[in-house]
Each structure stands twice: as structure tokens, then as C-alpha cells.
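Note that this is a predicted model, so its numbers are computed, not measured. Nothing fancy with the numbering, it's 1 onward along the sequence.
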Amino acid sequence: MKECWGEAPERRPTFEEVFLKFKTINKGKKTNIIDSMLRMLEQYSSNLEDLIRERTEELEIEKQKTEKLLSQMLPPSVAEALKTGGTVEPEYFDQVTIYFSDIVGFTTISALSEPIEVVDLLNDLYTLFDAVLGNHDVYKVRIELSMDQTPL
């Protein structure tokens with residue numbers, strides 16, 4: 001079909017070539033050219049609908065990831081305002097605590113442990129820490145730094 005739209009007439013297929021193409025597409029069956037075109041358009045439409053459905057699902061997954069990241073980094077009121085396109089007014093707090101932590105001997109612990117043991121240790125430690133925070137009116141922002149990184 002695309003060849004039929006060519007700018008240069010000498011590059012366009014002849015009617016005979018078009019009919020041979022349709023005959024090949026229809027596997028030698030005698031069918032109406034309009035029926036063949038409609039069948040091809042239906043197939044194209046179906047493929048396009050599948051592609052749109054797939055891309056919509058991918059977009060929804062990415063949207064969920066973005067919303068999850070926003071909710072982890074920002075207070076719920078700020079995240080919601082940003083999602084809806086609203087403005088975020090600055091807030092004032094009488095008291096703020098910044099907590100830095102380090103696991104003494106972590107390098108040694110890691111070297112002497114299996115990877116899953118290190119993951120379990122960290123998971124247990126931060127789960128307990130989160131449980132303590134859950135009992136108080138606090139908001140946690142987690143920034144991880146390694147020795148070769150500096151804060152942004």
C-alpha cells in the first residue's frame with residue numbers, strides 16, 4: 001500500500017502488481033479487493049488497540065512508581081498538592097530534629113556474613129526504627145550516603 005503512495009509515478013506498482021500482491025496475501029483465494037482491504041484494516045486496528053492497551057498499562061505502572069516515590073520523599077499533603085498541580089505553601093516548625101546514623105563495624109559484619117544476612121539485618125533494623133517513628137508525630141526523609149558521596 002505504501003508503495004502506491006510514492007511521489008514518483010515510475011516507482012508505484014502497476015495494477016497487475018497490486019493484484020498479484022493481494023493474491024499472495026490471500027494465499028491464492030479469489031476474493032474481492034475491498035474485502036481484502038477491509039480485512040487488513042481490521043487487523044491493523046486490532047493490533048493498534050492491543051498496542052494502545054499495552055502502552056496504557058506501562059504508563060499506569062510508571063505513574064504508580066512516581067506516586068510511590070513522591071509519597072516516600074514528601075509529606076502526604078505536599079505530594080498530593082504536587083499531583084493535583086496545586087501550590088505548596090512553605091511551613092514553619094518550632095522544632096526540627098536531624099538524625100544521622102552509622103552502623104559501627106558494618107564493613108566487618110558485611111564481610112563475615114552472607115548477603116541475605118546483611119539484607120535481613122538492615123531490614124530488621126529499619127523496621128524497628130520505623131515502628132518507633134510510627135508512635136510519634138514525625139515525618140521521615142531517608143537520604144543514603146556512602147563514603148564517596150556528598151549530599152546534594
Side-chain angles (χ1 to χ4, degrees), residues 1-8 11-13 17-18 20-29 36-152:
M1 282 297 187
K2 289 181 182 177
E3 292 173 3
C4 295
W5 301 337
E7 293 281 333
R11 291 190 178 170
R12 296 179 197 151
E17 291 170 331
V18 171
L20 286 173
K21 284 274 187 193
F22 275 113
K23 199 172 188 180
T24 304
I25 290 170
N26 292 320
K27 298 176 177 78
K29 297 181 215 167
S36 296
M37 289 175 62
L38 286 174
R39 199 167 29 256
M40 288 172 58
L41 285 172
E42 286 172 3
Q43 184 180 6
Y44 176 76
S45 174
S46 176
N47 290 343
L48 192 56
E49 287 172 3
D50 292 342
L51 183 61
I52 289 171
R53 189 176 307 108
E54 182 181 311
R55 292 291 157 53
T56 302
E57 289 171 3
E58 290 173 2
L59 180 62
E60 185 61 33
I61 290 169
E62 291 303 316
K63 182 180 174 190
Q64 289 172 359
K65 286 180 186 177
T66 301
E67 288 180 3
K68 182 179 178 185
L69 182 61
L70 264 179
S71 68
Q72 289 175 342
M73 292 177 55
L74 302 170
S77 61
V78 173
E80 192 59 38
L82 290 174
K83 284 192 283 188
T84 59
T87 59
V88 179
E89 296 296 323
E91 295 182 50
Y92 174 81
F93 296 95
D94 291 329
Q95 296 180 3
V96 174
T97 300
I98 298 175
Y99 173 77
F100 293 94
S101 68
D102 181 29
I103 301 171
V104 177
F106 182 75
T107 303
T108 305
I109 292 169
S110 297
L112 298 173
S113 303
E114 293 294 321
I116 191 67
E117 293 174 321
V118 175
V119 170
D120 287 342
L121 169 72
L122 292 174
N123 190 37
D124 291 346
L125 180 66
Y126 287 109
T127 298
L128 288 170
F129 188 70
D130 289 343
V132 171
L133 291 178
N135 294 327
H136 304 280
D137 184 25
V138 298
Y139 180 75
K140 176 182 78 169
V141 175
R142 192 173 101 206
I143 300 174
E144 297 177 11
L145 298 174
S146 69
M147 297 308 263
D148 60 343
Q149 294 177 319
T150 54
L152 299 176

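How far CG of D50 is from CZ of R55: 12.0 Å, rounded to the nearest 0.5 Å. Between atom CG of residue D130 and atom CG of residue N135 there is a gap of 11.5 Å, rounded to the nearest 0.5 Å. With values rounded to the nearest 0.5 angstrom, I52 atom CD1 is found 4.0 Å from L48 atom CG. Note: S46 OG to E49 CD = 6.0 Å, rounded to the nearest 0.5 Å.
Using a 4.5 Å cut-off on side-chain heavy atoms (C-beta onward), E89 and T87 make contact. Contact of the Y126 side chain with the L122 side chain is registered, since non-hydrogen atoms from C-beta on lie closer than 4.5 Å. When side chains are defined from C-beta on, L125 counts as touching I103, because their heavy atoms get closer than 4.5 Å.
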Task: L74 vs V88, side chain to side chain contact (heavy atoms under 4.5 Å, CB included): CA-CA, chis, key distance, verdict - done: CA-CA 11 Å; L74 302 170; V88 179; over 6 Å; no
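T66 contributes a side-chain N or O that, together with a main-chain N or O of E62, makes up a donor-acceptor pair within less than 3.5 Å. The backbone N or O of E114 lies less than 3.5 Å from a partner atom in the side chain of E117, making a donor-acceptor pair. Of the possible polar contacts, none joining the S113 side chain to the S110 backbone as a donor-acceptor pair under 3.5 Å is found.
Counting all heavy atoms, side chain and backbone alike, R12 lies closest to E17 at O-OE1, 4.4 Å. Considering every non-hydrogen atom in both I109 and V104, the closest pair reads CD1-O, 4.3 Å.
Counting non-hydrogen atoms of other residues, nucleotides and ligands closer than 6.0 Å to NZ of K68 gives a total of 12 or fewer.
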